[in-house]
*Asks:* 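I have a structure I would like to understand better, so I am pasting it below and will then ask my questions one at a time.
Order of appearance sets the numbers: ligands from 1, and atoms from 1 within every ligand.
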Amino acid sequence: MRITGLPPYDPTNVFAKILRGEIPSKRIHDDAFAVAFHDINPQAPVHVLVIPKGAYVSHADFSAKASDAEIAGFWRAVGKVARDLGLESGGYRILSNMGEDGGQEVPHFHVHIFGGRRIGRMVPRAEG
Ligand code: 5GP
């Protein structure tokens with residue numbers, strides 16, 4: 001069944017647990033609006049996740065409900081994390097999966113930062 005609309009936020013999701021410090025992560029950034037940590041299953045030499053501190057399910061939820069300060073603070077953190085990782089000279093990719101078609105697995109809004117090699121096609125060809 002196709003999911004329609006925005007599901008309610010589930011405070012037991014794995015990134016909520018990481019935010020609360022209930023499970024460990026390799027945290028590389030923490031400020032008033034965002035936390036960044038290394039992905040547990042990296043898809044590139046550098047693969048970092050940036051998440052807002054607020055309880056937002058996805059980018060759809062975040063862009064609709066977050067305050068201007070939260071949105072600005074979050075995206076500034078994404079830029080700072082990439083800069084601090086030394087990715088600006090070689091370049092990098094940011095990506096956020098949203099919902100079923102987007103392939104989102106963890107229902108707390110997050111942005112992936114990939115770098116350290118040529119990342120390849122922008123979007124893979126359709127499967128099957
Ligand atoms: P999504 O498909 O939702 O955009 O991506 C979820 C990402 O979270 C995946 O890349 C996955 O490897 C990562 N992930 C899932 N569980 C954990 C965890 O417990 N710790 C960390 N650091 N990353 C996780």
Side-chain angles (χ1 to χ4, degrees):
M1 190 177 74
R2 185 165 286 271
I3 300 164
T4 55
L6 291 174
Y9 185 80
D10 171 8
T12 68
N13 79 75
V14 68
F15 292 169
K17 290 179 181 174
I18 284 176
L19 266 181
R20 292 193 296 265
E22 292 168 9
I23 61 174
S25 66
K26 290 188 193 166
R27 202 175 278 220
I28 57 169
H29 178 89
D30 190 340
D31 67 27
F33 298 105
V35 166
F37 49 90
H38 289 278
D39 196 289
I40 202 167
N41 183 23
Q43 305 297 309
V46 178
H47 183 178
V48 162
L49 300 166
V50 189
I51 68 174
K53 284 207 164 157
Y56 300 102
V57 176
S58 64
H59 185 256
D61 194 19
F62 183 71
S63 59
K65 296 185 194 154
S67 68
D68 290 357
E70 285 177 293
I71 292 171
F74 175 78
W75 285 106
R76 284 199 192 283
V78 174
K80 177 172 169 39
V81 167
R83 194 175 315 124
D84 291 351
L85 286 165
L87 296 176
E88 282 189 357
S89 55
Y92 60 89
R93 177 167 301 160
I94 58 176
L95 176 150
S96 184
N97 297 317
M98 190 275 159
E100 190 180 344
D101 282 354
Q104 184 178 2
E105 292 175 358
V106 178
H108 181 113
F109 171 48
H110 51 282
V111 165
H112 298 253
I113 301 175
F114 300 101
R117 66 163 168 81
R118 297 257 173 147
I119 301 302
R121 288 182 63 81
M122 189 161 63
V123 178
R125 292 183 194 284
E127 293 168 14

*Asks:* I'd like to know if Ser25 contacts ligand 1, where contact means a heavy-atom distance under 4.0 Å to any ligand atom.
*Replies:*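 No, Ser25 has no heavy atom closer than 4.0 Å to ligand 1.
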*Asks:* What protein heavy atom lies closest to atom 24 (C) of ligand 1? Include the residue and the distance to one decimal.
*Replies:*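 The answer is Ile40 CG2, 3.4 Å.
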*Asks:* Ignoring hydrogens, what is the shortest heavy-atom contact between Pro42 and His47? Give both atom names and the distance.
*Replies:* CA-ND1, 3.5 Å
*Asks:* Enumerate the atoms of ligand 1 whose separation from the nearest heavy atom of Glu105 is less than 4.0 angstrom.
*Replies:*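 By the 4.0 Å cutoff, the relevant atoms are 1 (P), 2 (O), 3 (O).
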*Asks:* Would you say Ile18 touches ligand 1, if touching means a heavy atom closer than 4.0 Å?
*Replies:*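 Yes.
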*Asks:* Give me the other members of the hydrophobic cluster that Ile119 sits in, counting Ile, Leu, Val, Met, Phe, Trp and Tyr linked by side-chain heavy atoms under 4.5 Å, directly or via other members.
*Replies:*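 Members alongside Ile119: Leu95, Phe114.
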*Asks:* Which ligand 1 atoms does Phe15 reach within 4.0 Å, using its non-hydrogen atoms?
*Replies:* 8 (O), 24 (C)
*Asks:* Less than 6.0 angstrom separating the ring centers of His110 and His108, yes or no?
*Replies:*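 So the answer is no for these two rings.
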*Asks:* Report, in ascending order of atom number, the atoms of ligand 1 lying under 4.0 Å from any heavy atom of Gln104.
*Replies:* 3 (O)
*Asks:* Does the residue His110 have a heavy-atom contact with ligand 1, meaning some pair of atoms that are separated by less than 4.0 Å?
*Replies:* yes
*Asks:* What atoms of ligand 1 come closer than 4.0 angstrom to any heavy atom of His112?
*Replies:*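 In order of number, 1 (P), 4 (O), 5 (O), 7 (C), 10 (O).
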*Asks:* Any idea which atoms of ligand 1 are less than 4.0 Å away from a heavy-atom of Asn97?
*Replies:*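 Heavy-atom distances to Asn97 below 4.0 Å select 1 (P), 2 (O), 4 (O).
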*Asks:* Which atoms of ligand 1 sit under 4.0 Å from any heavy atom of Gly103?
*Replies:* 2 (O)
*Asks:* Do other residues, nucleotides or ligands put more than 12 heavy atoms under 6.0 Å from Arg20 CZ?
*Replies:*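 For Arg20, atom CZ is crowded (more than 12 foreign heavy atoms under 6.0 Å).
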*Asks:* Tell me the contacting part of Phe109 for ligand 1: side chain, backbone, both, or neither, using a 4.0 Å heavy-atom threshold, strictly below.
*Replies:* neither
*Asks:* Can you list the atoms of ligand 1 that are under 4.0 Å from a heavy atom of His38?
*Replies:*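 Here the atoms of ligand 1 in question are 22 (N).
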*Asks:* Look at ligand 1 and say whether Lys17 reaches it with a heavy atom at a distance under 4.0 Å.
*Replies:*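 So Lys17 does not count as touching ligand 1.
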*Asks:* Could you establish whether Gln43 and ligand 1 come within less than 4.0 Å of each other, counting only heavy atoms on the residue side?
*Replies:*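 Under 4.0 Å: no for Gln43.
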*Asks:* Where do Gly116 and Leu87 come nearest, in terms of heavy atoms and distance?
*Replies:*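 Answer, listing the atom of Gly116 first, then Leu87: N-CD2, 4.0 Å.
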*Asks:* With heavy-atom distances below 4.0 Å as the criterion, list the atoms of ligand 1 near Asn41.
*Replies:* 12 (O)
*Asks:* In the single-linkage hydrophobic clustering (I, L, V, M, F, W, Y; side-chain heavy atoms under 4.5 Å), do Tyr92 and Leu85 co-cluster?
*Replies:*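 Yes, same cluster.
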